[in-house]
Protein chains: 2
Amino acid sequence: MRDIKLSESQPKQRLLAAAEQLFAEKGFESVAVRDVTQLAKANVAAVNYHFGSRDRLVALVVARYLAPFNQERLDRLDVLERRAPSKVVPIEEIIHALIRPLVGMVGKTELSEALFCKLLGRILALPEEALSAEVVEQMKVSNNRFMRAIGKVLPTVPQEDLQWRMHFLVGSLVHLLTHQDWLRSLSNGTSGSPALEVMLGRFVRFAAAGLREGVEIEVSAPTGPQALFDF
Amino acid sequence: MRDIKLSESQPKQRLLAAAEQLFAEKGFESVAVRDVTQLAKANVAAVNYHFGSRDRLVALVVARYLAPFNQERLDRLDVLERRAPSKVVPIEEIIHALIRPLVGMVGKTELSEALFCKLLGRILALPEEALSAEVVEQMKVSNNRFMRAIGKVLPTVPQEDLQWRMHFLVGSLVHLLTHQDWLRSLSNGTSGSPALEVMLGRFVRFAAAGLREGVEIEVSAPTGPQALFDF
DNA sequence: GTTAATTTAAAACATGCGTTTGACATTAAT
DNA sequence: ATTAATGTCAAACGCATGTTTTAAATTAAC
């Protein structure tokens, strides 16, 4: 063998690319093997030959993006905590660590920005049963570390509340990623390209406000309790 | 005929109940006609005989709950705006109008509280294409009215931002409804039953904080009025 | 009680699915 | 050039799906 196998590389990668595009557009459940092979201009048997089975193909796509995503999340949290070992990190920074790995990954894909967002959104929305045991473990580790980090930044709000608020946050995130096209048109009224950046910026502000609800940081605030509406 | 048709009522309603339960548990797409008829102890043909087709069955279930839900949403917004015609209504109240119709509906169903939440969450997460034209129109009307109401309450934040924040809100809501069981166990540590109430309370605070991000209302307000919440 | 309409039941139908097969073509190694 | 491994293809398999059919059973009306 002189080089990397050429014969194998072409159709397999075409299949993978086609699968990712279709999964992003229609969701994992709504894509038939024949849809993939047709878009990739390959034979029906190609998926099973190259990937073993349909399930192993989706598992591959999932792990391919979820693993690096979680890894960079943790890396960013690392540098955040290393940079301010004892100081308090703004929640905004933590949320950035949670979602900005996305923008680094869109650059490495053949998929369009919007499509990749959809794909990742669909991945994050998968039920546990659809994920491999290792990926589930990765997710739990990541979630735990971020929960602790946020608990450190917002010590006054009970752990239980924080868990719920994080729950709301991921809900917003999944919805944002999978349905971002609904509102995309509004954001590119102004020139530039960074529609994604603007979107994420809005999300970070929304989520940060929600997470720190009831905590008085807002510079002013001379008076005390301000429990607003607790009926 | 002496009374209401007895012969028709029994299996048809058993089918409907079975369908709702399965749709809630596994989602509309993952439930086969045979699952429904088996749980309802009816024949396979029963669904097509009583409802015309599988699609018409899910359309019935959807419209059955989505229409009243939207209606009560609008009704509650009506009383809110009628009670304070010119004054400013707290966003918390608007969000309540947006989600509390849920608790009134759980009482009227045979489904458990958790299951009904899942069902409604799945309904709210359906793509437009899966909904009838009228239901889509209802949703748009409702969304528009709430957008305008919130715009009135938060005049300082640009309309575009509000649309995004509402987008985040419904994402949180859908995720809350469909995955509330993940965190339910935490909330009933204390006696009582109002797990739903507690959950919605947390959600309202989170969403309200997110919606009014960047707006300084927090009591302090050096100058006069101070009459913001005095109904 | 007879007749007509309505409801149930078993079986089969048509279609789409993931997967497997086995023959054929292509490529790499001796 | 021969052989062995690898990749491709059309066809078919087995199964689950939604739906239809046909006949029997049940119910209502006269």
Side-chain angles (χ1 to χ4, degrees), chain A residues 1-63 122 126-127 129-132, chain B residues 1-63 122 126-127 129-132:
Chain A
M1 61 182 89
R2 306 180 323 227
D3 213 342
I4 290 183
K5 288 189 185 179
L6 253 94
S7 51
E8 178 189 332
S9 62
Q10 265 186 359
K12 187 169 182 177
Q13 284 188 301
R14 273 215 320 276
L15 286 169
L16 223 169
E20 289 178 357
Q21 175 183 333
L22 291 174
F23 288 158
E25 287 174 354
K26 317 200 302 176
F28 293 102
E29 311 249 295
S30 309
V31 175
V33 170
R34 283 169 171 83
D35 297 334
V36 177
T37 55
Q38 182 175 341
L39 180 60
K41 285 197 264 282
N43 188 270
V44 214
V47 161
N48 286 274
Y49 177 78
H50 286 288
F51 302 97
S53 72
R54 182 192 186 279
D55 282 345
R56 310 233 304 135
L57 171 58
V58 342
L60 179 68
V61 172
V62 169
R122 304 205 122 110
L126 283 176
E129 315 93 62
L131 270 50
S132 71
Chain B
M1 64 181 86
R2 304 182 322 230
D3 212 343
I4 290 182
K5 288 189 186 179
L6 252 97
S7 51
E8 179 189 331
S9 62
Q10 263 187 1
K12 187 169 182 178
Q13 282 187 302
R14 272 215 320 276
L15 285 169
L16 223 169
E20 289 177 358
Q21 174 184 334
L22 291 174
F23 288 158
E25 288 173 356
K26 316 200 301 177
F28 293 101
E29 312 248 293
S30 309
V31 174
V33 170
R34 283 169 172 82
D35 297 334
V36 177
T37 56
Q38 182 175 344
L39 180 58
K41 284 194 265 281
N43 189 271
V44 212
V47 161
N48 286 273
Y49 176 78
H50 286 287
F51 301 98
S53 72
R54 182 193 185 279
D55 282 346
R56 312 233 302 136
L57 172 58
V58 342
L60 179 68
V61 172
V62 169
R122 303 204 124 110
L126 283 176
E129 315 93 61
L131 270 48
S132 72

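Protein chains get the first letters and strands the later ones, always in sequence-line order, with residue 1 at the start of each.
In this view, B:Glu25 and B:Gln21 satisfy the side-chain hydrogen bond (donor to acceptor under 3.5 Å, both in side chains) rule, not counting sequence neighbours.
Distances were taken from every side-chain heavy atom of A:Asn48 (C-beta onward) to each of C:dT20, D:dT17, D:dG7; the shortest belongs to C:dT20. Across C:dC17, D:dG18, C:dT7, the shortest atom-to-atom separation from the side chain of A:Ala32 is found for C:dC17. Taking every side-chain heavy atom of B:Ala45 into account, D:dT20 is the closest of D:dT20, D:dA10, D:dG7.
A straight line from CZ of B:Arg14 to P of C:dT7 spans 14 Å, rounded to a whole angstrom. Nucleotide C:dT6 holds its P atom 13 Å from the NZ atom of B:Lys12, rounded to whole Å. Atom pair A:Phe28:CZ and C:dC17:C1' shows a separation of 19 Å (rounding to whole Å applied). Protein atom CZ of B:Arg54 is 15 Å distant from nucleotide atom C1' of C:dT15, rounded to whole Å. Rounded to whole Å, atom P of C:dG18 lies 17 Å from atom CZ of A:Arg56. Rounded to an integer number of Å, the gap from OH of A:Tyr49 to C1' of D:dC9 is 13 Å. In this structure, B:Gln38 atom CD and D:dA16 atom C1' are separated by 13 Å, rounded to whole Å. Separating the CG atom of A:Leu57 from the P atom of C:dG18 is a distance of 11 Å, rounded to the nearest angstrom.
With values rounded to the nearest 0.5 angstrom, A:Arg122 atom CZ is found 11.0 Å from A:Phe23 atom CZ. To the nearest 0.5 angstrom, B:Gln38 atom CD is 9.5 Å from B:Leu22 atom CG.
Under 4.0 angstrom from either OP1 or OP2 of D:dT8 there lies at least one side-chain N or O belonging to A:His50. Dashed line: the shortest gap from a side-chain N or O of A:Asn43 to OP1 or OP2 of D:dA10 is under 4.0 Å.
In this structure, B:Arg34 and A:Arg34 both approach DNA chain D, and ranking their closest nucleotides by distance from the 5' end singles out A:Arg34.
At least one test fails for B:Lys12 against the ring of B:Tyr49: distance under 6.0 Å to the centre or angle within 45° of the axis.
Note on A:Val36: nothing from the nucleic acid sits closer than 4.0 angstrom, heavy atoms only.
Within a 6.0 Å radius of NZ in A:Lys26, more than 12 heavy atoms belonging to other residues, nucleotides or ligands are found.
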